[in-house]
Amino acid sequence: MSSISASSLAGSLLRQEVLDLHAYHVPDSSGCIKLDAMENPYLLPPVLRDEIAEAVAAAAINRYPDPGAASLKEKIRGLTGLPQGMDVLLGNGSDELIQLLAMAVNKPGATLLSVEPSFVMYRMIATFTGMRYVGVPLATGSGAENFSLDLPATLAAIEREQPALVFLAYPNNPTGNLFSADAVAQLIEAAPGLVVVDEAYYAFASDSFIPRLARYPNLLVMRTFSKLGMAGLRLGFLAGSTAWLEQLEKLRLPYNVGVLPQLVAEKLLGHHEVLQQQAEQIKQDRDKLYRQLGEIAAVRVYPSEANFLLFRIANATAVFDGLKQRGVLIKNLNGGHPMLKDCLRVTVGTPDQNMKFIAALQETLTQLA
Ligand code: PMP
């Protein structure tokens, strides 16, 4: 055994799907204004920070966490306004829940269907759990139909592929738009399997499928607290009928949400109004940033109901590099999906950060002209 190198052993032992994957890339952001990952840019008020520090100091981190996270779940149920008969299942971020769902339905030949471009982890998790993946392109066009659901094509794909699992991000990442609720409802009705409406950006959006949960036996709604100011805690949840959640619960690793995330999230949700005020501010600043980007002739910016904006600009990669040189890190989507050619995505920051981003963008454009 000692004569074989670790890399050749890995090459022969690992599944081809794993060898072919690229790890989810997180760029170095040190020293940058960080507008690449849809984080909430605000810290907590000092009083709340002190309260959390005190609670953390007294936390029993020598013990395993409450495996059922009973008290945190109670808080989430209360805040989410779940319909009768519905419950929540907690995940270490919603990424973990996507993986759990894929593992649960992955019979031989089972298919995961989503639309494209959308959140890349749907495809990635399908691949590494060994599921078939089908991505249906979103509609293209010059106006509001851009990046909307292509309803006939998606219905046809559902009919043809009979997916066990469908993911629809509502609002969608990286495009930012909220699909038509009526179109989503038609897809849920047509789907033979589970449909997960992924509401990662619910705090910035004008609609939700939570109130419609009781209408469809094959619907689950997934949310994360990452965009609401808790990205560092890693906490997401699935909401749906207990019949589904009891089964999925069997796949949840026993202590997937640690003592500190449980405790801090519960404290923060106890001050939900602070986080909601921050989300309100971010929404206002998003709309302002949308107008400012729209005024730049070289930019085509897309409407957003999330905490980020997608925009198209010639020489996107050069613009991205110019921004980075000026200390502003956003997300370069150019070179990924063909529909995202020359697209960049900027997360809404504080008013000061947004101003610096616009100034850096204008400088970059002058330099490239
Ligand atoms: N769903 C969507 C649509 C997202 O954009 C993201 C984060 N980028 C996630 C899920 C995952 O969020 P988390 O794992 O932080 O809960």
Side-chain angles (χ1 to χ4, degrees), residues 26 28-82 88-97 199-205 223-237 239 254-286 288 306-308 327-329 347-357:
V26 179
D28 179 22
S29 59
S30 38
C32 283
I33 295 178
K34 193 172 183 312
L35 301 177
D36 65 328
M38 285 81 93
E39 293 145 325
N40 173 338
Y42 296 106
L43 288 175
L44 296 168
V47 194
L48 189 45
R49 266 191 274 172
D50 290 347
E51 199 185 308
I52 287 170
E54 228 172 89
V56 167
I61 53 170
N62 55 318
R63 300 289 177 197
Y64 281 110
D66 170 1
S71 126
L72 174 58
K73 277 169 81 170
E74 188 56 46
K75 185 123 259 150
I76 293 174
R77 274 192 291 264
L79 285 171
T80 310
L82 289 182
V88 295
L89 183 142
L90 302 189
N92 190 303
S94 45
D95 285 343
E96 189 190 41
L97 296 168
E199 297 188 350
Y201 301 95
Y202 74 96
F204 316 98
R223 284 187 173 179
T224 174
F225 291 119
S226 293
K227 325 295 171 180
L228 192 66
M230 300 185 226
L233 292 183
R234 308 301 298 131
L235 186 66
F237 68 90
Y255 302 113
N256 66 331
V257 184
V259 169
L260 297 183
Q262 283 191 36
L263 186 146
V264 177
E266 200 183 329
K267 278 259 171 269
L268 284 179
L269 294 176
H271 296 275
H272 194 236
E273 71 292 346
V274 173
L275 302 173
Q276 277 201 304
Q277 268 167 22
Q278 292 178 345
E280 275 310 311
Q281 176 75 45
I282 291 167
K283 273 162 60 176
Q284 282 178 26
D285 294 332
R286 170 193 70 201
K288 180 169 177 197
N307 62 343
F308 59 85
V328 181
L329 181 68
T347 303
V348 180
T350 62
D352 181 58
Q353 290 174 333
N354 300 338
M355 208 173 67
K356 288 185 172 135
F357 157 70

Between Ser94 and Thr224, the two heavy atoms sitting closest are OG-CB, 3.5 Å
What heavy-atom pair brings Gly68 and Asp66 nearest, and what distance separates the two atoms?
N-OD1, 3.0 Å
Under a 3.5 Å distance rule, please check whether Glu39 uses its side chain to pair with a backbone N or O of Ala231 as donor and acceptor.
no
Return the CZ to CG distance between Arg234 and Leu260, rounded to the nearest 0.5 Å.
15.5 Å
Closest approach of Val259 to Ala60 (non-hydrogen atoms, all atoms of both residues)
CG2-O, 4.1 Å
Any heavy-atom pair between the side chains of His272 and Leu228 that's under 4.5 Å?
yes
Mind listing the closest non-hydrogen atom pair of Ala279 and Ala203 along with its distance?
CB-O, 4.0 Å
Mind checking whether Ile76 and Arg223 have side chains closer than 4.5 Å, heavy atoms only?
no
Give a yes or no on whether the backbone of Ala306 and the side-chain of Arg286 come within a donor-acceptor separation of less than 3.5 Å.
yes
Pro65 side chain near Leu263 side chain, heavy-atom distance below 4.5 Å
no
Would you say the side-chain atoms of Ser29 pair up with the backbone N or O of Cys32, donor to acceptor, closer than 3.5 Å?
no
Quick one: sort the Phe237 and Phe225 rings into parallel, tilted or perpendicular, breaks at 30° and 60°.
tilted
Is there a side-chain contact between Pro351 and Gln281 in this structure, where contact means two heavy atoms from C-beta onward sitting under 4.5 Å apart?
yes
Would you say NZ of Lys34 has more than 12 non-hydrogen atoms from neighbouring residues, nucleotides or ligands within 6.0 angstrom?
yes
For the CG atom of Asp285 and the CD atom of Glu280, what is their distance to the nearest 0.5 Å?
11.0 Å
Heavy-atom closest pair (Pro41 atom, Gly349 atom, distance to 0.1 Å) is CG-C, 3.6 Å
How about Ile282 and Asn40: do any of their side-chain heavy atoms sit closer than 4.5 Å?
yes
Distance check, rounded to the nearest 0.5 Å: Leu275 atom CG versus Leu269 atom CG?
7.0 Å
Separation between CD of Gln277 and CD of Glu273, rounded to the nearest 0.5 Å
7.0 Å
Do Phe308 and Leu35 come within less than 4.5 Å of each other through their side chains, counting heavy atoms only?
no
Minimum-distance pair of heavy atoms, taken over all atoms of Leu82 and Ala239:
CD2-CB, 3.8 Å
N/O donor-acceptor pair under 3.5 Å between Thr347 side chain and Met38 backbone:
yes
Please examine the side chains of Leu268 and Ile52, heavy atoms only from C-beta on, and report whether any two atoms are closer than 4.5 Å.
yes
Heavy-atom check, side chain of Lys73 versus side chain of Leu90, under 4.5 Å:
yes
Over 12 non-hydrogen atoms of neighbours within 6.0 angstrom of CD1 in Ile61
no
To the nearest 0.5 Å, what is the distance between OG (Ser226) and CG (Leu235)?
8.0 Å
Reported NZ-to-CD distance for the pair Lys283 and Gln276, which is rounded to 0.5 angstrom:
8.5 Å
The side chain to side chain donor-acceptor pair (under 3.5 Å) partners of Lys356 (sequence neighbours excluded) come to Asp352
Using distance alone, with no hydrogens and no angle criterion, decide if Glu96 and Asn256 have a side-chain donor and acceptor under 3.5 Å apart.
yes
